[in-house]
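Small disclaimer: the values here were computed from a predicted structure and weren't measured. All values below come from the heavy atoms of this structure, side chains included, with hydrogens, waters and symmetry mates left out.
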Number of protein chains: 2
Amino acid sequence: MTVDRDQVLRTAAALLTRKATATMDEVARAAGIGRATLHRHFAGREALVRALEELGIRELEAALDTARLDEDGAPDALRRLVTEVEPVAGLLAFLVTENQLFETEQMNEGWARIDARVSALFRRGQEQGEFRIDLTPAWLTEALYGLIGSGAWAVQDGRVAAKDFQYMIVELLLGGARRSVEK
Amino acid sequence: MTVDRDQVLRTAAALLTRKATATMDEVARAAGIGRATLHRHFAGREALVRALEELGIRELEAALDTARLDEDGAPDALRRLVTEVEPVAGLLAFLVTENQLFETEQMNEGWARIDARVSALFRRGQEQGEFRIDLTPAWLTEALYGLIGSGAWAVQDGRVAAKDFQYMIVELLLGGARRSVEK
DNA sequence: CCCTGATGAGACGTTCGTGTCTCATCAGGG
DNA sequence: CCCTGATGAGACACGAACGTCTCATCAGGG
């Protein structure tokens with residue numbers, strides 16, 4: 001009988017990923033509960049988004065853990081990362097949009113932690129001579145987010161197949177579009 | 001005395017790029033006109049966004065023209081394209097967000113025209129052996145938009161310098177992050 | 001110099017989403 | 001089997017933003 005808070009969150013994430021402006025009422029109906037109950041668990045829309053942010057950060061950090069970014073070569077670690085991130089890509093895209101859409105009162109420190117870990121991966125790749133050094137880790141991180149977002153939207157709209165998600169992103173990010181002999 | 005419609009549009013674009021949820025009143029004040037006057041020129045918020053969409057498409061197509069995508073090698077054409085697009089990047093990012101945010105009743109055909117031209121560039125590059133063929137032109141196009149958006153936001157937030165915009169995007173898109181001997 | 005037309009400021013009614021509250025219902029534990 | 005606590009449905013008031021309208025003002029052309 002009691003509502004499964006986490007289940008509601010995941011349903012909300014799925015809906016808001018598709019329609020970022022969904023009403024509290026729509027979120028409630030999507031989760032199969034009443035609007036009043038939704039408010040009982042999340043004080044308001046902002047609280048809901050905050051909870052989603054927490055969820056996204058939690059899952060993203062779990063993905064970072066599973067990907068073992070500091071093992072093997074940086075390129076392989078990056079491959080693992082994108083693979084692990086794929087299920088969270090939609091939620092991630094929503095949260096990023098949400099952040100840059102509304103004035104970011106104060107950013108959750110979780111994002112800084114995540115940024116640091118991803119940047120560190122790129123920096124490691126540079127130090128080990130696997131990545132070029134004329135593109136900053138900050139930009140590579142930013143670009144990775146952008147590509148993940150683009151990939152998520154493209155998959156959602158059916159423009160590309162979900163199974164190609166990891167390949168497309170990693171291949172482009174690592175090798176670029178240019179055809180090279182040594183490939 | 002008469003309001004310069006195009007000037008209002010550009011001011012609105014600049015504001016909405018920074019704050020996508022800006023009020024009609026805020027848009028009016030930013031343009032230095034009264035809210036009533038704003039309504040006299042644009043029937044409502046939707047009409048304003050539509051007008052911005054027209055503006056963005058117009059400027060983007062102008063950029064495509066100037067870039068002469070069918071001349072020289074595809075990589076060089078791409079460089080020119082990104083250079084020309086830079087001033088419109090912010091508006092473009094706003095419009096893309098706006099489109100995926102709200103249910104796309106019906107997409108302006110201008111986007112299809114632009115997509116076709118950009119895709120054609122990538123396809124040409126593939127046919128001439130300059131671009132790899134395992135990444136579809138559709139995905140490369142999508143990725144280009146994503147990187148432009150990321151670049152625009154990164155510049156806006158001061159995370160990267162505007163002067164690096166073109167270099168970062170083109171270098172990543174063309175060559176990728178991996179360090180290669182032949183570069 | 002007057003007259004026309006556009007503008008700015010503000011009032012007003014409407015819509016939409018939110019947040020709160022009440023009340024009847026229902027499930028599950030004791 | 002009863003009682004407690006959570007839930008769903010709906011009513012309600014509030015606030016934000018929108019779109020419309022009025023009216024005084026002002027610039028510029030005739």
[X] and [Y] ion-paired at < 4.0 Å:
X: Glu109(B); Y: Arg113(B); result: yes
X: Arg79(B); Y: Glu84(B); result: no
X: Arg80(A); Y: Glu71(A); result: no
X: Arg124(B); Y: Glu130(B); result: no

Counting N and O atoms only, with roles assigned by atom type, does the side chain of [X] sit under 3.5 Å from a partner on the main chain of [Y], one being a donor and the other an acceptor?
X: Gln166(B); Y: Thr83(B); result: no
X: Thr136(B); Y: Trp139(B); result: yes
X: Glu142(B); Y: Val160(A); result: no

Without decimals, in angstroms, what is the distance between [X] [atom1] and [N] [atom2]?
X: Leu48(B); N: dA17(D); atom1: CG; atom2: C1'; answer: 14 Å
X: His39(A); N: dT22(C); atom1: NE2; atom2: P; answer: 16 Å
X: Asp25(A); N: dG19(C); atom1: CG; atom2: P; answer: 13 Å
X: Asp4(B); N: dT7(C); atom1: CG; atom2: C1'; answer: 15 Å
X: Arg45(B); N: dC16(C); atom1: CZ; atom2: P; answer: 16 Å
X: Phe42(B); N: dT7(C); atom1: CZ; atom2: P; answer: 12 Å

Is there a side-chain contact between Arg117(A) and Ile114(A), using heavy atoms and a 4.5 Å cut-off?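 Heavy-atom side-chain distance check fails, nothing below 4.5 Å.
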Residue list, side chain to side chain contact (heavy atoms under 4.5 Å, CB included) with Ala43(B), at least two apart or on another chain: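 So Ala43(B) forms a side chain to side chain contact (heavy atoms under 4.5 Å, CB included) with Ala47(B).
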Among pairs that include at least one residue of residues 106-130 of chain B, which meet ring pair (Phe, Tyr, Trp, His ring centres under 6.0 Å), considering only residues two or more places apart or in two chains?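 Non-adjacent pairs meeting ring pair (Phe, Tyr, Trp, His ring centres under 6.0 Å): Phe122(B)-Phe131(B).
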Only counting residues at least two apart or in another chain, list the ones meeting salt bridge (Lys or Arg N to Asp or Glu O under 4.0 Å) with Arg29(A).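 Checked Arg29(A) against salt bridge (Lys or Arg N to Asp or Glu O under 4.0 Å); matches are Asp25(A).
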What residues in residues 9-16 of chain A put a non-hydrogen atom under 4.0 Å from any atom of DNA chain C?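 Per residue number, the list is empty: none.
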Can you tell me which stems DNA chain D forms, taking runs of 3 or more consecutive Watson-Crick or G-U pairs with both distances under 3.5 Å?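 Consecutive-pair runs (3 or more) involving DNA chain D: C:1-30 with D:1-30.
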Between His41(B) and dT7(C), is there a side-chain N or O to OP1/OP2 distance below 4.0 Å?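 Result: yes.
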Report, as a single string ordered 5' to 3', how protein heavy atoms within less than 4.0 Å touch nucleotides 8-15 of chain D: B base, S sugar-phosphate only, - not at all. BBBB----
